[in-house]
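Here is the naming used below: chain letters follow the sequence lines, and residue numbers restart at 1 for every chain. As the structure is a prediction and not an experimental result, all values here were calculated from the model.
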Amino acid sequence: MHILPRSFYQRDPLTVAPDLLGKILLHNLDGVILSGRIVETEAYLAFIDQASHSYNGKTARNSSLFGEAGHAYVHSIHKQNCIDIVTELVNIPSSILIRSLIPLKGIELMKTLRNKKDIKLLTNGPGKLCQALSISKDLDSIDVTKSSSELTILDDGFRINPAQIKRSKRVGLSKAKESKYRFFIA
DNA sequence: AGCTAGATCTACT
DNA sequence: GTAGATCTAGCTA
């Protein structure tokens, strides 16, 4: 069990996105652990990707995307929060959106936070998993590669069969819908 | 100060 | 599968 190093994120987002599948997103709330295994991601590219929030330049909202790889980008959309992890280099604003998890630790607390009993409904969407793991915009720009951070991404040695990784079009977009930048475990 | 679009969710059919 | 709810950042003036 170890934290993924910054070098993991300093690569092409289309490489990082499938590599993140099977890794663990963990939020440490003063010792109370909320965690889940990542089973669905989407890549958002720098400069050429019209669907990326960075496409129209840097603003107060998206400034995290222009920072160092391995930091989070938390933003709100339609009353929900979504979380990305920044990839590549400073001023190359690409990222990976975490779309879905399988709950691991803190499931009872997640049920309370989500006001749902069915485990399948706790973290099966980008807004839902932020609610279940108590991820708010307070965590925007947090470094997920430092053990002192309350939000980290871990590798516990779990490996998926590459044949189980599927690729498809991204979800919920109005622009650049056709690019197949979504990765998930079958 | 007002307008608009948006990387969603839920409930219902 | 589709409709409706609902909030915020960013832009214009």
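- Taking 4.0 angstrom as the limit, A:Lys79 places none of its side-chain polar atoms (N or O) nearer than this to OP1 or OP2 of B:dG6.
- In this structure, A:Lys58 places its NZ atom 17 Å from C1' of C:dA9, rounding to the nearest Å.
- Across the protein-nucleic acid pair, A:His53 atom NE2 and C:dG10 atom C1' stand 12 Å apart, rounded to whole Å.
- A side-chain N or O of A:Asn124 and one of A:Lys128 form a donor-acceptor pair less than 3.5 Å apart.
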Residues A:Tyr9, A:Val144; criterion side chain to side chain contact (heavy atoms under 4.5 Å, CB included); working and verdict: CA-CA 10 Å; A:Tyr9 304 100; A:Val144 301; 3.9 Å; yes
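- Of all the residues in residues 166-182 of chain A, A:Gly172, A:Leu173, A:Ser174, A:Lys175 reach under 4.0 Å from DNA chain B with at least one non-hydrogen atom.
- Whole-Å rounding puts the A:Tyr73 OH to C:dT8 C1' distance at 12 Å.
- Of the possible polar contacts, none joining the A:Ser100 side chain to the A:Val39 backbone as a donor-acceptor pair under 3.5 Å is found.
- Among the atoms of the strands shown, none is found under 4.0 Å from any heavy atom of A:Asn56.
- The side chain of A:Lys137 lies closest to C:dT8, out of C:dT8, C:dG10, B:dA7.
- Atom-to-atom, CZ of A:Arg61 to P of C:dT8 comes out at 13 Å; the value is rounded to the nearest Å.
- In this structure B:dA7 sits in no base pair that meets the Watson-Crick or G-U test at under 3.5 Å.
- Looking only at side-chain heavy atoms (C-beta outward), A:Leu26 and A:Leu104 stay at 4.5 Å or farther from each other.
- Between the C1' atom of B:dC9 and the CD atom of A:Gln131 lies a distance of 9 Å, rounded to the nearest Å.
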Apply side chain to side chain contact (heavy atoms under 4.5 Å, CB included) to A:Phe184 and A:Arg99, showing your working. CA-CA 9 Å; A:Phe184 58 100; A:Arg99 284 196 60 85; over 6 Å; no
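- Among A:Leu34, A:Thr152, A:Leu101, A:Thr123, the single residue meeting the side-chain contact (heavy atoms from CB on, under 4.5 Å) criterion with A:Leu25 is A:Leu101.
- Straight-line distance from the NE2 atom of A:His78 to the P atom of B:dT4: 15 Å, rounded to whole Å.
- Taking 4.5 Å as the limit, every side-chain heavy atom of A:Ile24 sits out of range of all side-chain heavy atoms of A:Lys105.
- As a whole-Å value, the separation of A:Leu129 CG from B:dT8 P is 12 Å.
- Each of A:Arg114 and A:Ile96 was assigned the nucleotide of DNA chain B with the nearest heavy atom; the assignment lying further toward the 5' end belongs to A:Ile96.
- Distance, A:Asn124 CG to B:dC9 C1': 10 Å, rounded to whole Å.
- Dashed line: the shortest gap from a side-chain N or O of A:Ser76 to OP1 or OP2 of C:dC7 is not under 4.0 Å.
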